[in-house]
Amino acid sequence: MEKSVARVLYGQGTSLNLTSRKIKAVPECVFRIRKLSVLQLTNNSITALPAELLSLRRLAELHLGNNALKELPAVLGHLESLKKLYLFSNQITVVAPEVMGGLHNLVVLNLNHNQIQRLPPEIRSLHRLQHLSLLDNRLEEVPAELGHLTSLAELNLTSNNLPGLPQQLYQCKELTKLYLARNKLTSLPEGIRALTKLQVLDVAGNKLFMFPVQFHLLPLRELHCEGNRFVRCEPMSAVQDREVLSLKELVARFVLLEDRNRSSLVHRMLPHYPALTALVAAGNCCELCLNPFLTTWLECVHFISPKKDMKMKGVRTIPVRALLCSYKCLNTQGHSYYGVATRITQGH
């Protein structure tokens, strides 16, 4: 080991490989290599990192996979040049907020095969992060602050205990690969259409009943969805022809419709009423008549052929959620939307 360090130290090297050396602590001689940018310590028995690591001001890549760490060492939060951090196959249960909040320049973070249950809100500080992987952990939730990672291109949350995902995930518009297999997801948040660069989606082995509205408009090249509880194509007729809408819903539909006309008085005056603007921003559009509505909708489903509608091979027909504004639209002849439940859901 001393020879390896000496070669790098006196040869003005920038990379040091101490993989599989059965070491329990980082050798002190390593800290004399001030130009070191890559340090590989994978497959050892390291339980902690000393403060002396701060002397490596140029360290950009740190490999600590397959060691004995139980938490993210505090010193990591002060390594300002660090861009790639590999901590897979340790015994990490806690991700300290102060450490996560200090990794501003991180581009790659690999925490696979640990025992992490939660990520702190301070994850929002990783605004340059492009690859985040927490495969095979014990995650029970994902913080809404994940939406601040607007540079994120690949996210792997496979094999966790996630029952759902935050709506803010769809603010990560650079995502091209999203791995969510083997969790406990019963649905994906509405708004997935915002991920206009998404090419790979893996949701196999969950409890999904259908995909979100406009899912079939995504530019996917790969979709893995086997092992879910998708609804079947079983046509059903509506039990009623019309519904009684609340005054709030009637007014909202009028405002939403008028707002489409840029020359209307409603459209011109709406910016002067922020509360009303925020309210109607949550509106939807009927899949059939294309008229807007606010919180009263009829949940339906239509069945998409990925081969025909998404230009993908090897994927069977999938159910995609659709919203209709009324039973009148549902009872219209000639469409391919099927009711999921014989009830209207009224928002509050």
Side-chain angles (χ1 to χ4, degrees), residues 36-39 41 48-65 67 69-158 160-162 164-180 189 191 194-195 197-198:
L36 198 64
S37 63
V38 179
L39 178 56
L41 296 165
L49 295 179
E52 287 78 4
L53 197 66
L54 289 176
S55 63
L56 305 180
R57 297 183 180 276
R58 299 185 184 182
L59 191 63
E61 189 171 325
L62 180 57
H63 296 254
L64 285 163
N67 275 280
L69 297 169
K70 294 185 177 180
E71 61 181 3
L72 265 65
V75 67
L76 294 178
H78 301 283
L79 296 177
E80 297 180 355
S81 297
L82 201 60
K83 293 184 178 180
K84 297 182 180 181
L85 178 58
Y86 300 89
L87 290 162
F88 58 85
S89 299
N90 277 273
Q91 302 165 28
I92 299 172
T93 58
V94 177
V95 178
E98 58 272 18
V99 179
M100 186 66 76
L103 297 169
H104 302 290
N105 293 312
L106 212 59
V107 176
V108 176
L109 177 58
N110 187 318
L111 291 164
N112 293 344
H113 310 298
N114 280 288
Q115 302 169 34
I116 301 169
Q117 290 186 337
R118 289 179 178 81
L119 293 173
E122 284 73 12
I123 194 173
R124 62 176 174 264
S125 300
L126 310 185
H127 53 87
R128 294 186 180 181
L129 198 66
Q130 296 178 17
H131 300 271
L132 175 60
S133 189
L134 288 112
L135 180 152
D136 186 27
N137 274 273
R138 299 178 182 178
L139 284 177
E140 298 177 352
E141 62 179 349
V142 176
E145 287 77 8
L146 189 72
H148 289 266
L149 308 186
T150 54
S151 298
L152 199 62
E154 183 173 334
L155 176 61
N156 192 336
L157 299 174
T158 298
N160 279 279
N161 299 316
L162 296 171
L165 298 170
Q167 184 72 39
Q168 290 82 356
L169 174 63
Y170 299 146
Q171 295 173 14
C172 305
K173 296 185 179 181
E174 295 298 315
L175 268 179
T176 59
K177 298 179 180 180
L178 180 56
Y179 301 97
L180 301 167
L195 299 180
K197 297 183 179 181
L198 193 64

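Excluded from the calculations below are hydrogen atoms, water molecules and symmetry mates; all remaining heavy atoms, backbone and side chain alike, are included.
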Quick one: do H148 and H127 satisfy side chain to side chain contact (heavy atoms under 4.5 Å, CB included)? Show the steps, please. CA-CA 7 Å; H148 289 266; H127 53 87; over 6 Å; no

After noting the C-alpha distance and the side-chain angles of R138 and N161, does the key distance pass the side chain to side chain donor-acceptor pair (under 3.5 Å) rule? CA-CA 6 Å; R138 299 178 182 178; N161 299 316; over 6 Å; no

Start with the C-alpha distance between E145 and Q168, add both sets of side-chain angles, then the distance that settles side chain to side chain contact (heavy atoms under 4.5 Å, CB included), and finish with yes or no. CA-CA 7 Å; E145 287 77 8; Q168 290 82 356; over 6 Å; no

Quick one: do L180 and L165 satisfy side chain to side chain contact (heavy atoms under 4.5 Å, CB included)? Show the steps, please. CA-CA 10 Å; L180 301 167; L165 298 170; 3.6 Å; yes

Test log, rule side chain to side chain contact (heavy atoms under 4.5 Å, CB included), inputs L132 and L126: CA-CA 10 Å; L132 175 60; L126 310 185; 5.8 Å; no

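Shown here is Q167, whose CD atom has more than 12 heavy atoms of other residues, nucleotides or ligands within 6.0 Å.
S81 places a side-chain N or O within donor-acceptor distance of the main-chain N or O of R57, the cut-off being under 3.5 Å. At distances below 3.5 Å, not a single donor-acceptor pair connects side-chain atoms of S89 with backbone N or O atoms of H113. At distances below 3.5 Å, not a single donor-acceptor pair connects side-chain atoms of D136 with backbone N or O atoms of N112.
Of the residues listed (V95, L49, L64), the one engaging L72 in a side chain to side chain contact (heavy atoms under 4.5 Å, CB included) is V95, and it is the only one.
The shortest heavy-atom contact between L149 and C172 is O-SG, 3.5 Å. Nearest heavy-atom pair across L76 and L62 is CD2-CD2, 3.6 Å. When all heavy atoms of E140 and R118 are compared, the pair lying nearest together is OE1-NH2, 3.6 Å. Closest heavy-atom contact between N114 and F88: ND2-CA, 4.1 Å. Residues M100 and P120 share a closest heavy-atom pair of CB-CG, 4.1 Å. Closest heavy-atom contact between P189 and P166: CG-O, 3.9 Å.
Between K83 and E61 there is no salt bridge, since none of the side-chain N atoms of the basic residue sits less than 4.0 Å from a carboxylate O of the acidic one.
Between H63 and Y86, the ring-plane angle classifies as parallel under the 30° and 60° cut-offs.
If you take CG on L157 and CG on N137, they are separated by 9.5 Å, rounding to the nearest 0.5 Å.
A 4.5 Å side-chain heavy-atom check between L129 and V107 finds every atom pair outside the cut-off.
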